[in-house]
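Inspection log for the structure reproduced underneath, given as structure tokens.
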Amino acid sequence: MTDTAIRKVTGASINLDSVVKHYRGQDKPAVERLDLEIEAGTIVAFVGPSGCGKTTTLKMINRLIEPTEGRIFIGGRDVTREDPDKLRQSIGYVIQSGGLFPHWSVAKNVGAIPRVLGWDKKRIAERTEYLLDLVGLDPGTFADRLPKDMSGGQQQRVGVARALAADPPVLLMDEPFGAVDPITRVRLQDSLIAIQHELGKTIVIVTHDFEEATKLGDKVLILSEGGHVEQYARPEEILTDPATPFVEEFVGSGAKLAYLTVSRVRDVDYATVITARVGEPAQAVMDRAMAAGHTWVVVVDEHGRPRSWPSLAELATKPEVSDFLDRRLPVVARSSTLNDALDAMLAASQGAALVTDGRGAVVGSLSIGTVTETIQAKLADVRSAEADLSYETYVDGTDPAPTPVVAAEGEPGSDEQS
Ligand SMILES: Nc1ncnc2c1ncn2[C@@H]1O[C@H](COP(=O)(O)OP(=O)(O)O)[C@@H](O)[C@H]1O
Ligand SMILES: [Mg+2]
């Protein structure tokens, strides 16, 4: 994919070669014999029913659990005989509860491994500031805070920052977003994707949620009992071509609609927006918008992050662009799934959402009509693929013309705002 081709990769490949884990006292191995190749710089999601061996497999990669048999390679290096403590310093690890030290400040938590590695104070401070910013926490506000004075989602962000502290090529995450509410969960997922795009680490994430797996994983590994590989493929492939009855069952009959969770905002033709800064003369902004044929603009802060989306009529009421933070502004990331984008619009009762990059700066807007058209087109593709399978294909190879979807698409941000 072109997207991966231009992406920076700082991660390392992971290879499992005939790995077995037989816990003492169990008659069957938890992981029977697993071979797995994970490409450097990608996200792989392990998914499967409880007890199928996801956590066991993950912990064998950083040797929190020793394999009974087999070998594990990271970046082509056999790590099975390496000093496990040293190995763990080069592998970030995030668990469900965040695993932060409760009596340590955020900064002290994030700097834990760099301190072990003997970094000097200044370097640790700089790294901590960079990482808190990366995970979406303002360093000035949060560096000295104790974990107990933060929400579950914020603690999880600190957990990710801490895992990345020593710049490890590999990040392992065991159900990291399992304990947060659904909205926070979506935000954390989006942040993780943005971080991955920025850093190009190799990330292995365990989840029991298939939707989360398809959203996050470049590839998804579906396991059944005994660490048995049912399918290891890209999400689209699993959805369209489940390898076994187990996968079919696991994915469920909603597979076609799950397209919503594999299509992302960045895959869709979202529209450009006209931005304005607080204090700018309103007339200049209105001229700019009208020249571009827009009836509304986005007011942004100094980092380009959206604050409100007034219509030109609203702008005309004041000589200068005034400052107002619209807390109901529906905002989605470029990496968000269309499903999440729809949720954001519906939650805000708006016909559109603003699209932001990994750092929260506005890059465009997406209307509900565009989402609907995209889904219709996808579903039409699936149906015609199914028709191709069930009947003889058209002799001349032409496709029936798809019914055009006409969406009444009012300009967002105008009359629906009050
Ligand atoms: N420390 C342990 N000792 C013995 N059996 C274990 C231990 N940890 C996990 N198991 C067993 O190994 C199997 C796989 O567990 P686990 O890897 O935790 O699965 P998952 O993460 O997919 O829910 C289960 O049958 C579980 O009961
Ligand atoms: Mg587990």
Side-chain angles (χ1 to χ4, degrees), residues 14-38 43-72 74 79-80 84-85 87-88 91-100 152 155-156 159-160 162-163 170-182 185 188-189 192 202-217 219-233 235 238 242-252:
I14 303 171
N15 286 279
L16 274 59
D17 177 16
S18 297
V19 168
V20 176
K21 179 64 195 184
H22 203 149
Y23 288 108
R24 210 165 293 149
Q26 306 286 86
D27 28 317
K28 278 203 227 149
V31 175
E32 257 161 55
R33 189 159 295 274
L34 182 60
D35 290 296
L36 185 68
E37 280 186 29
I38 297 175
I43 304 187
V44 167
F46 291 1
V47 68
S50 179
C52 70
K54 303 181 294 293
T55 296
T56 300
T57 304
L58 192 77
K59 285 183 166 173
M60 286 195 286
I61 296 174
N62 66 0
R63 290 181 53 208
L64 279 172
I65 291 177
E66 292 292 349
T68 315
E69 281 177 48
R71 292 191 304 168
I72 293 167
I74 294 182
V79 297
T80 341
D85 288 329
L87 174 67
R88 262 169 248 143
I91 300 181
Y93 185 52
V94 183
I95 55 173
Q96 186 174 97
S97 55
L100 302 176
Q155 289 185 33
Q156 231 23 17
V160 173
R162 186 177 64 175
V170 170
L171 188 60
L172 307 178
M173 311 179 88
D174 197 349
E175 307 212 16
F177 312 137
V180 296
D181 65 85
R185 185 176 181 140
L188 291 171
Q189 290 167 345
L192 183 68
T202 307
I203 299 179
V204 183
I205 180 165
V206 165
T207 169
H208 58 252
D209 177 358
F210 180 68
E211 204 179 298
E212 180 165 270
T214 55
K215 175 175 175 179
L216 295 176
K219 281 176 100 175
V220 174
L221 175 72
I222 301 187
L223 293 173
S224 58
E225 204 189 310
H228 177 72
V229 177
E230 295 287 339
Q231 191 165 12
Y232 180 46
I238 290 173
T244 64
F246 178 93
V247 175
E248 214 159 327
E249 176 98 347
F250 192 76
V251 169

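All ligand and atom numbering here is 1-based and tracks the order in the structure.
Salt-bridge check for Arg185 with Glu212: passed, with a basic side-chain N closer than 4.0 Å to an acidic carboxylate O. No salt bridge links Lys21 with Glu69; every basic N to acidic carboxylate O contact stays at or beyond 4.0 Å.
The two residues Ala30 and Tyr23 have their closest heavy-atom pair at CB-CE1, 3.5 Å. Counting all heavy atoms, side chain and backbone alike, Val220 lies closest to Ala213 at CG2-O, 3.4 Å. For the residue pair Arg63 and Val79, the shortest heavy atom distance occurs at NH1-O, 2.8 Å. Among all heavy-atom pairs drawn from Gly178 and Gln96, the shortest one is CA-NE2, 3.8 Å. Here the closest non-hydrogen pair linking Met173 and Ile203 is SD-CG2, 3.9 Å.
Within 4.0 Å of atom 26 (C) of ligand 1, not a single protein heavy atom is present.
At a heavy-atom distance under 4.0 Å, only side-chain atoms of Gln26, from C-beta outward, approach ligand 1.
Looking at Asp174, Leu58, Thr56, Ile65, it is Thr56 that brings a heavy atom closest to atom 16 (P) of ligand 1.
The protein non-hydrogen atom at the shortest distance from atom 18 (O) of ligand 1 is Thr55 CB, 3.8 Å. The protein heavy atom nearest to atom 19 (O) of ligand 1 is Gly53 N, 3.2 Å. Scanning the protein for heavy atoms near atom 20 (P) of ligand 1, the closest one is Gly51 N, 3.5 Å. When hydrogens are left out, the protein atom nearest atom 9 (C) of ligand 1 is Tyr23 CE1, 3.4 Å; that is the closest non-hydrogen contact.
Residue contacts with ligand 1: Arg24 is placed with no nitrogen or oxygen under 3.5 Å of a nitrogen or oxygen of the ligand (distance criterion only).
Checking Ser50 against the Mg ion (ligand 2), every N/O/S atom stays at or beyond the 2.8 Å cut-off.
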